[in-house]
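Since the structure comes first, as structure tokens, the remarks are kept for the end.
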There are 2 protein chains.
Amino acid sequence: MLAAAAAVNSPHHARPLRSSIASEGPFGMIGAPMRFARNAEIYGEDEPADFLYQVISGVVRTYRMLDDGRRQIGAFYLPGDVFGFEATDVNLSTAEAVNDVRLLVVKRSSVTARAEHERDLASRLWMLTMRELQRVQQHSLVLIKSAEERVAGFLIEMAGRQSGQSAIELPMSRQDIADYLGLTIETVSRTFTHFAQTGVIALETARRIRFCNRAALNRLDA
Amino acid sequence: MLAAAAAVNSPHHARPLRSSIASEGPFGMIGAPMRFARNAEIYGEDEPADFLYQVISGVVRTYRMLDDGRRQIGAFYLPGDVFGFEATDVNLSTAEAVNDVRLLVVKRSSVTARAEHERDLASRLWMLTMRELQRVQQHSLVLIKSAEERVAGFLIEMAGRQSGQSAIELPMSRQDIADYLGLTIETVSRTFTHFAQTGVIALETARRIRFCNRAALNRLDA
DNA sequence: CGCTGAATTGACGGACATCAAGATGTGTGG
DNA sequence: CCACACATCTTGATGTCCGTCAATTCAGCG
């Protein structure tokens, strides 16, 4: 309800009720907390890129549409992650809530202004950007591998990011995974089944995956 | 001669004779000029990432090796471009000279030190990093397209970067192009000939390409 | 002029996309 | 609480783009 109501307003129009409710994140980001319902748009292409975001809870996807209608998901952002780095003053990608999401939103200009005298804030920002750069580079390596390698790598990545126990909950759909890995939904599904048949994983539900043979999975990652 | 001699010494060991020969680049980078012969290594994986580089002349490629022996070229850097941004303190990629290259080399720590009081140097660095981020994102979009789209996009990219006349000189081999686009050398070659047969380009030599139908090329880029 | 690496061209096969149908899961209203 | 509707996921059959293997041509250089 509340989430849905908040979601219809992009953060560019919404304004926090009082600055006293602003929270401070682990990266020194002071910002307004906001909520977005499942599949709500957080920002869109061609909008001014005026904000930085930190995920409090939930998962965010960013993507770009290709002219032929295909969708390439560039990243999934999990709690703690910061996103919204854009080189230009308009967004080149769209951000959406994969499930219900709470974010910390901060104006970019206010961060850069503060970075002028807080020297280590500037270097933290630079570091975050370079981490993001590294992540994208890593991801582009994935896109030239085989379908099995991509899916195995994806599972390992996800396990590593959510306090990797022996089982993980996937918040995103098969279509999301496919668009992230540059595959089709069918190929992703088939690969999952194949992993299950060979005893590498168990599909407790479609979205809940148990790791039965971590070594085999690492080998498949190549 | 001189180039080859300089190339055997990585910049981490070489030291500029006198700081008075240091030059100032367009990005405020003050650094030592260095030369590298064709195919010489500028820096390697697992070496400490202590330097930033600006291309004065020539072309540089950066790549990462996959476990199966394949090579993924992440970028070609042309005169004016700055490279060497690494999130970790060791390099994750290798940089090599595509042809004979002259570079400006600057210690990273000296840049960050100067950025502490020169506020706009810090923001320039951040901007450069975000540009690089954007470039990598763009490139990862390429990797999910068809072979024709990748090659067309590559030609357009290259034309745009070297004062795009109606013809361009490709400094890199077909293998380099293939490893950049995630294709095989045969597919790249076949696509070139196909473009030539359909009158989109003309192969004046294998490395010199004339654009005969820019509109068609843009259409092929998708 | 022959040698060597780079580029081209051809034949073939395989991995993944596409098309199509069926199974499973989920939310909603009676 | 059940039943229906709709979305998501799975499974199967078929096609195609591009990788692989192999041979030939071309360009640069002693």
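All values below come from the heavy atoms of this structure, side chains included, with hydrogens, waters and symmetry mates left out. Bear in mind the structure is a predicted one, so any value in this text is a computation, not a measurement. Naming: A, B, ... by sequence-line order, numbering from 1 per chain.
Between the CZ atom of Arg174(A) and the P atom of dT26(C) there is a distance of 12 Å, rounded to whole Å. Between the CD atom of Glu149(B) and the P atom of dA17(C) there is a distance of 14 Å, rounded to whole Å. Atom CG of Leu170(B) is separated from atom P of dA6(C) by 16 Å (rounded to the nearest Å). Rounding to whole angstrom units, CD of residue Gln175(B) and C1' of dT8(C) are separated by 14 Å. The distance between atom CD1 of Ile144(A) and atom C1' of dC16(C), rounded to the nearest whole Å, is 16 Å. At whole-Å resolution of the value, CG in Leu181(A) and C1' in dA17(C) are 15 Å apart.
Contact between Gly80(B) and Gln54(B) at its shortest, heavy atoms only, is O-NE2, 3.0 Å. The two residues Arg71(A) and Arg61(A) make their nearest non-hydrogen contact at NH1-NE, 3.6 Å. Nearest approach of Gly58(A) to Pro79(A), heavy atoms of both residues: O-CD, 3.3 Å. The two residues Ala152(B) and Leu220(B) make their nearest non-hydrogen contact at CB-CB, 3.8 Å. Between Val101(A) and Asn99(A), the shortest heavy-atom contact is CG2-O, 3.1 Å.
Think of the region where chain A sits on DNA chain D: with heavy atoms and a 4.0 Å cut, that region ends 5' and 3' at dT8(D) to dA13(D).
Heavy-atom distances under 4.0 Å link DNA chain D to Gly182(B), Leu183(B), Thr184(B), Glu186(B), Thr187(B), Arg190(B) of residues 182-195 of chain B, given in residue order. Applying a 4.0 Å cut-off to non-hydrogen atoms, the residues of residues 197-211 of chain A that approach DNA chain D are Ala206(A), Arg207(A), listed by residue number.
Checked against a 6.0 Å centroid threshold, the rings of Tyr53(B) and Tyr77(B) do not count as neighbours. Aromatic rings from Tyr180(A) and Phe76(A) are positioned such that their centres are separated by under 6.0 Å.
One finds no salt bridge joining Asp179(B) and Arg70(B) here, because no Lys/Arg side-chain nitrogen approaches an Asp/Glu carboxylate oxygen to under 4.0 Å. Electrostatic pairing of Asp67(B) and Arg219(A) does not count as a salt bridge here, judged by no charged N lying under 4.0 Å from a carboxylate O. Arg161(A) has a carboxylate O that lies under 4.0 Å from a charged side-chain N of Glu157(A), or vice versa, which qualifies the two as a salt bridge.
With hydrogens and angles left out, the side-chain atoms of Ser93(A) and Glu86(A) include a donor and acceptor closer than 3.5 Å.
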